[in-house]
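Report on the following structure.
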Amino acid sequence: GEKGEMFEIAALFNCPIVVMHMQGNPSIMQNEPIYNNVMDELLLFFENKIKKAKRIGIKDNQIIIDPGIGFGKNIIDNDIIINRIKDLKKFGFPVLIGLSRKSFLNIDDDGAEYRLPATLGMTVLAVQNGADIIRAHDVIETYRMLSVMSRLFQNNNTHLSSHEIRP
């Protein structure tokens, strides 16, 4: 909860911790989420959470930030976040993006089973835009796609070329 037990446990065991943004809680988060400016809200949220984490004893090398694609966000919010991952990098921590088959990738209300192509395409953009860690359901497909993309980007000075790709 808001009391910070997770930060205390992570500080105690000196393990990495993912700080994720979510509006509301899972049961209500998708009931018409509204933001004045989704990026401003994310930046403020992470600024406060990072300060709190450090107060509790979390070290810089433990922190990973996740804007929470699909967690209390509408389609446009998610698209803005993917386009502006670089804004989240100003904190100096790795950015994790999880977008596997999420509903914002649907075409004509299709089911999750049809969303792999859209997921892979959006993953390329997320990595190009600065995502350091991709949380994927389709690990092998994502690994294979990013392996080929990283070869392509090697001489192109894209973010992907400096990263180890591993399932």
Side-chain angles (χ1 to χ4, degrees), residues 1-7 10 16-54 56 58 60 62-139 141-143 145-146 149 158-160 163 165 167:
E2 198 32 62
K3 296 184 290 295
E5 293 105 329
M6 281 298 191
F7 286 153
I17 187 162
V18 175
V19 180
M20 188 186 91
H21 178 273
M22 171 168 52
Q23 190 178 71
N25 64 58
S27 59
I28 60 156
M29 66 186 184
Q30 288 304 100
N31 298 355
E32 298 180 55
I34 305 287
Y35 299 89
N36 290 327
N37 178 320
V38 71
M39 288 312 293
D40 286 353
E41 294 207 24
L42 283 178
L43 294 169
L44 185 63
F45 170 85
F46 285 119
E47 207 171 296
N48 292 331
K49 281 288 189 204
I50 290 161
K51 277 185 197 145
K52 180 176 180 174
K54 289 180 172 186
I56 291 174
I58 300 277
D60 279 4
Q62 291 175 256
I63 298 173
I64 298 165
I65 64 179
D66 176 356
I69 298 290
F71 285 84
K73 318 283 189 306
N74 66 32
I75 290 180
I76 291 155
D77 297 329
N78 291 318
D79 291 349
I80 289 169
I81 294 165
I82 299 288
N83 272 324
R84 293 182 56 192
I85 292 169
K86 289 252 185 326
D87 294 9
L88 299 171
K89 308 272 291 186
K90 74 168 203 172
F91 297 110
F93 301 114
V95 174
L96 180 150
I97 297 289
L99 40 77
S100 275
R101 299 178 183 250
K102 289 191 173 162
S103 60
F104 86 109
L105 299 172
N106 89 76
I107 313 292
D108 300 326
D109 284 327
D110 62 5
E113 66 273 23
Y114 299 107
R115 296 183 197 143
L116 181 59
T119 297
L120 293 173
M122 202 61 102
T123 298
V124 173
L125 293 175
V127 172
Q128 263 189 299
N129 290 342
D132 300 285
I133 303 167
I134 296 293
R135 190 178 67 74
H137 298 173
D138 303 282
V139 177
E141 292 85 345
T142 303
Y143 167 75
M145 180 273 295
L146 287 176
M149 296 314 288
T158 298
H159 177 75
L160 198 51
H163 279 68
I165 309 242

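Given the structure is predicted, the values throughout are model-derived calculations rather than measurements.
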* Structure fact -> CD1 (I34) and CG (N74) are apart, to the nearest 0.5 Å, by 7.5 Å

* Flag yes if more than 12 heavy atoms outside L44 fall under 6.0 Å of its CG atom; otherwise flag no. => yes

* To do: Find out whether Y114 and I107 are in side-chain contact, i.e. whether some heavy atom of one side chain is under 4.5 Å from a heavy atom of the other.
  => no

* Asked: Considering only heavy atoms from C-beta outward, does the side chain of I58 approach that of I17 to under 4.5 Å?
  -> yes

* Mind checking whether L88 and M39 have side chains closer than 4.5 Å, heavy atoms only? -> yes

* Structure fact -> To the nearest 0.5 Å, atom CE of M122 lies from atom CD1 of I69 at 8.0 Å

* Distance in Å, L125 CG paired with I97 CD1, rounded so as to fall on 0.5 Å steps -> 11.5 Å

* Looking only at heavy atoms, which two atoms of H137 and S100 are closest? And how far apart? -> N-OG, 2.8 Å

* Approximate separation, where rounding is to 0.5 Å, of I133 CD1 and L96 CG -> 5.0 Å

* Asked: Is any side-chain heavy atom of M22 closer than 4.5 Å to a side-chain heavy atom of M20?
  -> yes

* Going through the checks in order, is the side chain to side chain contact (heavy atoms under 4.5 Å, CB included) test met by K102 and F71? -> CA-CA 10 Å; K102 289 191 173 162; F71 285 84; 3.6 Å; yes

* Which of parallel (below 30°), tilted (30 to 60°) and perpendicular (above 60°) describes Y35 and H21? -> tilted

* Using a 4.5 Å cut-off on heavy atoms from C-beta on, say whether the side chain of F93 contacts that of D132. => no

* R115 side chain to F104 main-chain N or O, any donor-acceptor pair under 3.5 Å? -> no

* Between K89 and P94, is any pair of side-chain heavy atoms under 4.5 Å apart? -> no

* **Test: R101 and D138 ion pair at under 4.0 Å** => yes

* Is M149 close to M145 at the side-chain level, that is, under 4.5 Å between some pair of heavy atoms? -> yes

* List the atom of V95, the atom of P67, and the distance in Å for their closest heavy-atom pair. => CG1-CD, 4.2 Å

* **4.5 Å side-chain heavy-atom contact, I82 and N129** => yes

* Looking only at non-hydrogen atoms, find the nearest pair between I63 and A53 and report the distance. => CD1-CB, 4.5 Å

* Assess whether side chain to side chain contact (heavy atoms under 4.5 Å, CB included) is satisfied between K90 and E47, documenting all intermediate values. => CA-CA 10 Å; K90 74 168 203 172; E47 207 171 296; 4.2 Å; yes

* Shortest non-hydrogen contact between K73 and G68, atoms and distance -> NZ-O, 3.0 Å

* Structure fact -> When every non-hydrogen atom of N106 is compared with those of D109, the smallest separation belongs to OD1-N, 2.8 Å

* **Verdict with supporting geometry, L99 and T123, side chain to side chain contact (heavy atoms under 4.5 Å, CB included)** => CA-CA 8 Å; L99 40 77; T123 298; 3.3 Å; yes

* Can you tell me how far the CZ atom of F7 sits from the NZ atom of K54, to the nearest 0.5 Å? -> 11.5 Å

* Asked: Which distance, rounded to the nearest 0.5 Å, do you find between the CZ of F91 and the CD1 of I65?
  -> 6.0 Å

* Decide side chain to side chain contact (heavy atoms under 4.5 Å, CB included) for T119 and T142; before the verdict, give the C-alpha distance in whole Å, the side-chain angles of both, and the deciding distance to 0.1 Å. => CA-CA 9 Å; T119 297; T142 303; 5.6 Å; no

